[in-house]
Structures are given as structure tokens and as C-alpha cells.
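Note that the structure is a prediction, hence the values are computed from the model and not measured.
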Amino acid sequence: MGELAAEQHARYILKVEKKKDDIESVLMEHLRINGVYWGLTTLDMLGKLSAVDQETVISWVMSCQHETGGFGGNEGHDPHVLYTLSAIQILALFNKIEILDIEKVSNYVTTLQNEDGSFSGDKWGETDTRFSYVAICSLALLKQLDKINVEKAVKYIISCKNLDGGFGCTPGAESHAGQIFCCIGALAITGCLHYVDKDLLGWWLCERQVKSGGLNGRPEKLPDVCYSWWVLSSLIIIDRVRWIDKEKLVKFILECQDKENGGISDRPDDAVDVFHTYFGVAGLSLLEYPGVKAIDPAYALPVDVINRIFLN
Amino acid sequence: MDSDEDERTLLPLSQRPEWSDVTPVPQNDGPNPVVPIAYSEEFAEVMGYFRAVYLADERSLRALHLTTEAIQFNAGNYTVWQFRRLILEALNADLHEELEFVEQLASKNSKNYQLWHHRRWVAEKLGTEAASRELEFTKNIFVNDAKNYHAWSHRQWVLQNLGGWEDELAYCNELLEDDIFNNSAWNQRYFVITRHPGLGGIEATIDSELDYTIKSILIKPENESPWRYLRGLHKNNVQSFVTNPKISTLCLNVLTSKANPVFALSLLLDLISKGFEPNQDLKNAIEVVVPESNSQDSDISVTICTVLEIIDQMRVNYWRWRKKNLHPQVAEGVANLHIH
């Protein structure tokens, strides 16, 4: 069985954080705040968050805030709920949520709820259950969940439930593990998991495990390390994680590492990136891999961070 | 685009006369910036000029062309797309040309959220006249990637908001003929029979759909999708699910062939739990799936679980759980018995 190359992964992330000049970083500059969240949460899970200069990161995060209260993907970008969540999560890692004007940020998120309970990503109106999760998670971390119509939000999410027990991006859309995570996470945070057919969904989710031990996101698709998060966290939330072969999944994730240069890729021997590095480590955390700090499956933040927020 | 324009767009922006009044705004590189700029100078320049017009809120034709260049360099930059929409509105631009623009980008950016959202925004403005072109657009995407989630989402939106349902079920047939494992197409089938305003819902289509599904299963019994579809068809009609001889015959056919029996066995398990009583042929077929094992039990559903634990080892814990929870109604009944 392979081993987790924790040192190398931490070094890889710190290296990526510093590099702004290569074409990959430039092409991703509009979602840099997502990248910083993935990178920092990974470092925290590996016990290396202190390697980052907190002040610099925080002041840059705040520079991404728009006058509407929402955050953009980087300085100078339009606000969007996706980046707003990342901003809140980054501040949570550093225990600095209090520097936010909580009312301003929550107002921004609240305005994105639609009549039918769904959420748009920003003022342009794209609607997707991803945004339901992101909005609900944001407000919950700010302890402002009562600012939205939770009942309608939940009703909309349930309307996206399919005959296989899974969820799609909108009503009738194909069940997809990423969307399922968003819906299940949102239902967990709002205390509404009783609407889920856990046995049916659990079976659909455990059917995502393929011969190699990896997980795919839909029937007949290839496995990808990021599903180690989306499928796994969903299974844990609905308390059916025993139904997958954990050992085989661990083995698959470890095989996706670049042990020399650090980083994890979508599947063995592909190029690494921060996104898959985060999901690989997060997946291992959920599988209780030694040396990796526990992560909360619904909030996607280390458990000690969540406890700090909610059990204060 | 005429050739003069082509000439001009090849020049660096700083050398184009129509941009001489603008000073580009450099990128603020965030924490720990590194000084040497190694990425493409052209791209950096385009983005510098974009930032200038964005900050000045200049919604002009030249700004529109600038967003074209910026998007061609990086179709992921959502702020550029959004500003482009503001410009299109301000200029009252011809949105048919905009559809053309998106189509040119689509093959290399088929999984880009911004592209799809932009397309939807345009289509929504054009209204029902855009329906057939939008359906055609998604079809072209499916030629290279028949499971593209964004394209399916767009197609479903088009059908529900702009119309065009008539040939949708036939299109699903086509896709499934190409690849019977296409879960997106199976999902679309369900979408059509439940939402097509002219079909009459599941009740009206269930017989033909059942025959279609059974045929598909027999072609590839290891295909997960049609088995789930079969269950979905009977979601609101468990009685019919349990009593329809076609379904038990299907299971028998699969079990007596050389095909992977996992889904047939799990379906039988579900049927039995809802009151189905397998005949001797079925019982015999079940018991020979793993003949060398000691799987036989007087309760056939226990046997099925044992077999599944062996042949679907990845999910052994799931099948063990099923075995423990076989007769919840019975367990409940026993618990509620009053002994006099």
C-alpha cells in the first residue's frame, strides 16, 4: 500500500500560491479565491497552515469584496456566491470571520434567493443547486441562516430529487455526484435530511465505486479523485459510508499522487492541480487516514474550525 | 469580419490607433506576487485594456471586440463575459451573431459554465424562435460528448422554456442506439415521458417504455441505467411492478444467460421485498449463479443476498445490510404481536 506524501503536497501548494506568472495561474486568476481556499484547507488538514502569512492572505481576500457585499474570484472581479463562500471559508480557517461586516455579506447572499426557493449565482440569474448549497453554507457559517426562506430553499432542493434517489442541478436534470453533494450538504445544514431516501441514494452512491477502487460521478463514467469527496461526503452525511470499499478507495487516491513533486491528479498518471490535491486529501481525511486532520463533510472545513464557530 | 479588421486585430493594442486614448490597467497579482511576467504578452496586454474599459464602464463596439479577444484567450473569466452582456444590451446588438460567437468557442470550451450561461442568456432574449437552433447546438456537442452535463442542462431548459418536444423521445432512441450505456439519455427519456406536455405522462407511455427497457436490458444486462429506469417507471405503481410477468421473465432470462446477474438479482430482491413470490424456475436459476457456494437458504431472498455478497464484493457491506433488513414489515409485525 502506498503512503501519503504529505510534505511534498504541502510544498506543492505553497509553490503554487507563490507562482502568479505561469499560464496556468493566469488562466485561473478569476477564480483564485477558490484556489486559495482549496490550498489553505489542504494545508490545514496536513497541519501546515502556519506556513502561510495570514495577514497577507486576509487583506487580499478582503480586496476581493465588492460594494454589494459579495466577493469576486479575485480583485477587480464581479461578485458571485461561489467566491463569497470561499472568502468566508478562508476567514474561518484563520478564525477571522469577525472582521466581516456580517450583515452586508449576508444581505448579498440573501438577495440571490429566487421566488421558487432556488438560488442564483449572481445578479445574472444562473440557477443551479450548487448555488443553493453555497448560499446555505455561507449563511450558516455566518449564523444568518434565518435571513433566507429556508422552507422554500429546501422545497426547491427536494424538487431536484430524481427517481434514482440522486439530485441534479435543476428539476429533472441527471443525478450527478457533485450536485448530490450540494443538495445533501444543504439539507444536512438545514436539518432536513429526513427528506432523503438514504437507502436508495446510498446504493446509487456506492455503485459509483468501480473496479480500480476509485469513484465516478455518474453511471458508466470514469473515476476521478474529486468524487472521493463528493460521493464520500454524501455517504458520510447520510450515514451509509460502510457500503463502499474504503481500503480500495484509499489505494486509488494514493495512486493519484505525484510523490516526487507533490500534488494529486484526477486519476493515476495525469497532471496534478490544486483542485484535485484538495479533494484527494479531503477524501483521505474522511477515510480517517492517519496524519490528516478531520474535515466536516457538510461544511468542507476542518472539524476543529467548525467546532470553533458553532460550539463557542 | 472584413480583412481590414483582421489586419488591425493582429497588431498589439498599444499600436492600434483606435485605442490610443486608453491606458491599460495592470493586473494586481495578489499575495506574494512574483515580478517576472512569463505569460503571453499579448494576453497580458488584452487584459490590461479590458480592465481599463471595464473600470471606465465603456460599453462600446471597440469594447465588445476587446471582450471577444479576452474571451478567446481565457473563456473562464466570468467578469469579461458579464461585461460583454452589458455591452450587448447597450449596443442593442444582433444576438444571432452572438449565437455564432458562442458556437465558435463551444468545441474547445464545451464544459465551461460561463459559455453555457451566456448562451442561455442569449437564447432567452431571442425566445421561442431560437428553440430549434438551440436543440441543434446541443446535438452538435453530443456528437463529441454525448454525456456533456452542461449541454443536457441547456437542452432541458430549451425544451421547457422554448419548446421543441416533438422529436425528443426519438432523439433519445438515436443516442441509445449509439451508446446504450448513456445514462444522460436514459435520464432524458424519463424527463420526456414525465414532462412532455403532449405525451400523457408515465401512465400513457408505461407499456411501450417497459417493452423498450426490457429489450435494452437484454442487449446489455450489465448496464446500470435501464434497470434504474425500470424501477422509475413503477415508482407510483408498485402493484404493477410486482405482478407484471414481463419483469420476472426478464430476470429469469438474464439469470439463465451468461450475462452479469448482479442487477437482475438486486431487482428480484426489491420485488420480493414488495411481495413478489418467485416460482421454482427462478429459484433454481438463482441457486446456480454461484453453485459451489453454500448460499442456499429456505428464504430465497437470503440466498440472493449471499450470492450478491460473493459476486459483488466491492459492495459486500451493502448486501450484508440488505440481508439483515429483509423483512422489516415482518419484524414489525412480530414486535407488535400480543401474546395472550
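A:Lys211 touches chain B through its backbone: at least one of N, CA, C or O sits under 4.5 Å from a heavy atom, while the side chain does not. For A:Gln179, the part lying near chain B is the side chain, with the backbone staying farther off; criterion is any non-hydrogen pair under 4.5 Å. For a residue to count as touching a neighbouring chain, one of its non-hydrogen atoms must lie under 4.5 Å from one of that chain's; by this rule A:Val210 touches chain B with the backbone only.
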Under the criterion side chain to side chain contact (heavy atoms under 4.5 Å, CB included), I'd like the reasoning laid out for A:Arg130 against B:Tyr113: C-alpha separation, chi angles, the key distance, then a yes or no. CA-CA 12 Å; A:Arg130 285 182 297 142; B:Tyr113 280 106; 3.0 Å; yes
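In terms of non-hydrogen atom pairs under 4.5 Å with chain B, the most contact-rich of A:His80, A:His176, A:Lys248 is A:His176. No other option in B:Asn74, B:Val316, B:Thr194, B:Leu55 has as many heavy-atom pairs under 4.5 Å with chain A as B:Asn74.
The heavy-atom pair separating B:Gln82 from A:Asp122 by the smallest distance is OE1-OD2, 2.6 Å. Taking each heavy atom of B:Arg315 and A:Glu207 in turn, the nearest pair found is NH1-CA, 3.5 Å. Closest heavy-atom contact between B:Glu224 and A:Pro219: OE1-CB, 3.7 Å. Considering every non-hydrogen atom in both B:Ser184 and A:Arg218, the closest pair reads OG-NH1, 3.2 Å. Heavy atoms only, all atoms of each residue included: B:Tyr149 and A:Glu174 are closest at OH-O, 2.7 Å.
Remark: of the listed residues B:Tyr78, B:Trp81, B:Tyr54, B:Tyr54 is the sole one forming a side-chain hydrogen bond (donor to acceptor under 3.5 Å, both in side chains) with A:Asp78. Each of B:His118, B:Arg120, B:Gln114, B:His117 was scored for a side-chain contact (heavy atoms from CB on, under 4.5 Å) with A:Trp124, with one residue passing: B:His117.
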